[in-house]
Amino acid sequence: MPSEGRCWETLQALRSSNKGRLCYHRDWLLRGEDVLEECMSPPKLSSYSGWVVDHVLPHTQENPLPSETSPSSRSTSALDQPSCVPKCPVRNSAFSPASPATPNGTKDKHESQHTESVVLQSSRGIKVEGCIRVYELVHRMKGMEGLRQWQEEQERKVRALSEMASEQLKRFDERKELKQHKEFQDLREVMEKSSREALGHQEKLKAEHRHRAKILNLKLREAEQQRLRQAEQERLRREEGQGRLRSLYALQEEVLQLSQQLDASDQHRDLLQIDLAAFRTRGNQLCSLISGIIRATSESGYPTAENQAEAERALQEMRDLLTNLGQEITRACEDKKRQDEEEAQVKLQDSQMQQGVEVHKESPAPSQGPGGKQSEDLQVKVQDSTMQWYQQLQEASTQCVLAFEGLTSSKDSQAKKIKMDLQKAATIPVSQISTIAGSKLKEIFDKIHSLLSGKPVQSGGRSVSVTLNPQGLDFVQYKLAEKFVKQGEEEVASHHEAAFPIAVVASGIWELHPRVGDLILAHLHKKCPYSVPFYPAFKEGMALEDYQRMLGYQVKDSKVEQQDNFLKRMSGMIRLYAAIIQLRWPYGNRQEIHPHGLNHGWRWLAQILNMEPLSDVTATLLFDFLEVCGNALMKQYQVQFWKMIILIKEDYFPRYQAC
C-alpha cells in the first residue's frame, strides 16, 4: 500500500538520521561515557523485541486502531503519543521474569520459552520495529531532556552557591572591617566555623587523644604524689624518731650531769640536817630509768612520744630533786652566812663608832680649813676578806666561761644556731624591761625563769630550751648576768628611774637561781671595781691601757673614753646595785631572806668611807648610792645610819677636799 510505503520510507529516513542511529538504554546513566560511543554503532534489533511481540501486538490485534487502513496516521498517532507506548515495557521490564540483562540473554531466553518459530509478516515486523524505535527514541529524548534539565539545575545550584559564597565573603569582609577591635577569641570562632566541617574529625581525634593523655597524666600524677607522700611520711617518721633519740641522749646526758651535781653535794653534809642517801638513791633510779628507755628503744627501732614524755618526766623529777637539795643547801649556807655577817657587822659597827669618836676628837677645827693635816691615814687596799670574796666571784665567772667554751667555739652549724637562739632568749627579755613595762614584768620574769629551769620558751618564732645542749645552762646564765650589768651600764646610766624595774627582776632571778646572782656580781665588779670597793693598783711593767681598763675605762684604738662618759657608766652600775640590794620580787617567798640584801650595802658604804677617796669617782658613787638606797638604809639601821651621815659630813668631806 502507498501509505505503508511512505511510512516505511519515513521510518527508514528517521533510522538513517543522526538521532535515529542513537541507541537508547534505560540504564544509560549508569554506563557513563559509553552512551555517547554507542551512538556511532550501526542500528540493530532491540532486546525488547520479544517482549513487544508477546505483549504489545496481541493487544493491538484485539483493539485495532480506528485508522487501520492508514498506516501513516497510525504511525503519526504513535509518534504524537509516545507516552502510551513505552509505559508497559518500561514499567514491567524491571519486574517481568522474562526481561533480560543483555540482548543475547533475551534472545536465548525467548528461544527457550517458545520452541515454535514465529514468522512475522514483513509489514508487521516493520510496525514492531518502528514501535521499538519510537519507544527508544522517546526514552532517549526524555533522558536527554532530563539530563539537560539536571545539568541546568546543577548549574543553577552552582551559580546560587557561588553567589551565596560571594555574598557571604562580602559580608565576612564587611564584618571584619567593622569589628577590627573585636577580641581574638571571636575571630577564631568565626574562622573555626568556616573550617569546622573539614577539621571536625581531626579535632575529635585530638580531643580524644588529649582526654586520654589527661587521664593518663592524672593517674601518673596521683601515683607520683602518692609515692612522694609515702616517702615524705617515711622521712618524717625517721627524722622524728632520730630527733626523739637525740633528745633522749641529751636527756640522759643532762640527768647524768645532775646526778654528778647531786653527788657533789656531799661537801655540804655538815651544814645539812637531812640524809643525802635518799636523794642519791632516787637520782640513781632516775638514771637507770632513762637508760632502760634508751636500751628498749634501740632494740625496737625509734622511740615513741610516750618514751620521750616518760624520759622528760624523769628529767624534771631529777631537776626538782636537785632544786630541793640546792634550796636546802642554800638555806643552810644563808643561815650560816647571816650569822657570820651579823657577828661581823656588830664588830664593824663597834669599831667604826670608836674610830668615828676618835676622828671627831682629833680632827682639826673648821678654822684650819680643808688643807689641815690629817691625824689618821685612810686605807688604800680593800680588806682581805672582801678581796678574797672578789677573787672567788671572778674564778666562778672564769669557770663558767670554760664550761661552755665548747659551745662558743664549735664550728657546727647546728651548735651555732642553738647558741644564737639561747643568747636571744636570754638577752631579749632583759632588753624589754622598762619603766612603763607594768604587768609585763611578771611575763618577762616567768620567761627568764622558765628558760633557766630547762623549760622550752618561744624566741623568734621557735621553741628554745637549755636542754638542747649540755652546756646551754651555763651559757644562758653567763649571758643573762652580763646583760643585766650592761643594762645598768647603758639604760640606767641614761634613765635613772629604769634601775628599779631591772633590779626587781634581777633580784627575783637571783633568789631562785643563786648562780646567776654570783655572775651578776662578777660582771659588776669587773666593769666597776669600785662596787667591791676595790682600787686596782698600778704594777711595774703594766701597760697604761691595761691599767685604765682595770679601773673601768673603755679603751678603743688607744683612745680612752671621756671622764664624763666614764662617770656616767659607773653611776648607772652603782645605781643598779643599790636598787638590787633593797628590792625583792613581789611574787616570791617572803619568808626567805634577801640573797644579797642591805647588809651588803652597809658593808660597802663602811668600806668605801674607810678607803682613800678618789677624785670625781668617790663623790659620784656616794651620791648615787645614797640617793637610791639611803632611805632603805635609814629605815634598816636608823641611828647608826645617821651617825654614818654625820661622819661623812664632818670627817669624810674634809678628807675628800684635801685630796
Side-chain angles (χ1 to χ4, degrees), residues 239 242-261 263-264 294 315 318-319 322 390-431 447-448 450-487 489-490 509 513-528 543 545-546 549-550 552 554-558:
E239 290 182 356
Q242 293 176 355
R244 288 174 180 170
L245 188 60
R246 287 194 298 269
S247 178
L248 282 180
Y249 285 131
L251 293 176
Q252 185 184 25
E253 185 176 0
E254 185 174 355
V255 167
L256 292 176
Q257 290 180 356
L258 295 177
S259 178
Q260 292 177 358
Q261 295 178 11
D263 295 337
I294 294 177
L315 175 61
M318 190 71 174
R319 289 173 180 167
L322 191 62
Y390 164 78
Q391 292 175 353
Q392 289 177 354
L393 291 175
Q394 297 303 317
E395 290 177 1
S397 177
T398 304
Q399 291 177 359
C400 183
V401 173
L402 294 175
F404 63 82
E405 183 179 6
L407 179 62
T408 54
S409 61
S410 176
K411 296 183 179 180
D412 184 20
S413 58
Q414 185 68 20
K416 290 182 179 179
K417 183 178 180 182
I418 292 174
K419 183 189 72 172
M420 188 62 64
D421 292 341
L422 290 175
Q423 184 171 352
K424 290 180 179 179
T427 58
I428 290 178
V430 180
S431 301
K447 189 172 184 179
I448 298 174
S450 298
L451 180 65
L452 294 173
S453 300
K455 299 178 181 178
V457 296
Q458 293 295 324
S459 177
R462 292 192 297 268
S463 180
V464 182
S465 175
V466 295
T467 59
L468 296 176
N469 191 284
Q471 303 171 1
L473 182 59
D474 296 328
F475 179 76
V476 168
Q477 290 175 345
Y478 185 85
K479 290 297 180 181
L480 182 63
E482 183 181 38
K483 185 63 177 178
F484 273 120
V485 176
K486 190 174 182 180
Q487 284 295 99
E489 184 182 10
E490 297 176 356
I509 295 298
H513 304 278
R515 191 184 183 192
V516 177
D518 293 340
L519 293 174
I520 290 176
L521 288 176
H523 282 288
L524 182 65
H525 293 169
K526 186 176 182 180
K527 289 189 175 183
C528 179
E545 295 179 0
D546 295 338
R549 288 191 181 93
M550 289 180 63
Q554 290 182 348
V555 182
K556 294 182 180 178
D557 299 331
S558 301

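The figures that follow rest on heavy atoms only: side chains count, while hydrogens, waters and symmetry mates do not.
- Across every non-hydrogen atom of Arg319 and Glu254, the tightest pair is NH2-OE2, 2.8 Å.
- Residues Ser431 and Lys483 come closest through the heavy atom pair OG-CE, 2.9 Å.
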Worksheet item: Going through the distances and angles, do Val430 and Ile448 end up as a side-chain contact (heavy atoms from CB on, under 4.5 Å)?
Response: CA-CA 9 Å; Val430 180; Ile448 298 174; 4.0 Å; yes
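- Counting all heavy atoms, side chain and backbone alike, Arg462 lies closest to Asp421 at NH2-OD1, 2.7 Å.
- For the pair Asp546 and Arg549, the minimum side-chain heavy-atom distance is below 4.5 Å.
- Counting only heavy atoms from C-beta outward, the side chains of Asp474 and Gln477 approach each other to under 4.5 Å.
- In terms of the side chain to side chain donor-acceptor pair (under 3.5 Å) criterion, residue partners of Lys527 (sequence neighbours excluded) are, by chain and number, Glu489.
- Nearest heavy atom pair, residue Thr427 against residue Lys479, reads CG2-O, 4.2 Å.
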Could you list the donor-acceptor pairs under 3.5 angstrom formed by side chains in residues 463-472, with sequence neighbours left out?
residue	atom	partner	partner atom	Å
Ser465	OG	Gly454	O	3.1
Ser465	OG	Thr467	N	3.3
Ser465	OG	Thr467	OG1	2.9
Asn469	OD1	Gln471	N	2.9
Gln471	OE1	Gly406	N	3.4
Gln471	OE1	Leu407	N	2.7

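- Between Val516 and Ala481, the shortest heavy-atom distance links the atoms O-CB, 3.9 Å.
- Of the charged side-chain nitrogens involved, none lies within less than 4.0 Å of a carboxylate oxygen, so that Asp518 and Arg515 do not count as a salt-bridged pair.
- Counting non-hydrogen atoms of neighbouring residues, nucleotides and ligands closer than 6.0 angstrom, the CD atom of Gln458 exceeds 12 such neighbours.
- Expressed to the nearest 0.5 Å, how far NZ of Lys455 lies from CG of Leu451 amounts to 11.5 Å.
- Closest of all the heavy-atom pairs between Val255 and Met318 is O-CE, 3.9 Å.
- Evaluation of the salt bridge (Lys or Arg N to Asp or Glu O under 4.0 Å) rule for Glu395 yields no partner, not counting sequence neighbours.
- A tilted orientation is assigned to the rings of Tyr390 and His525, their planes being inclined by 30° to 60°.
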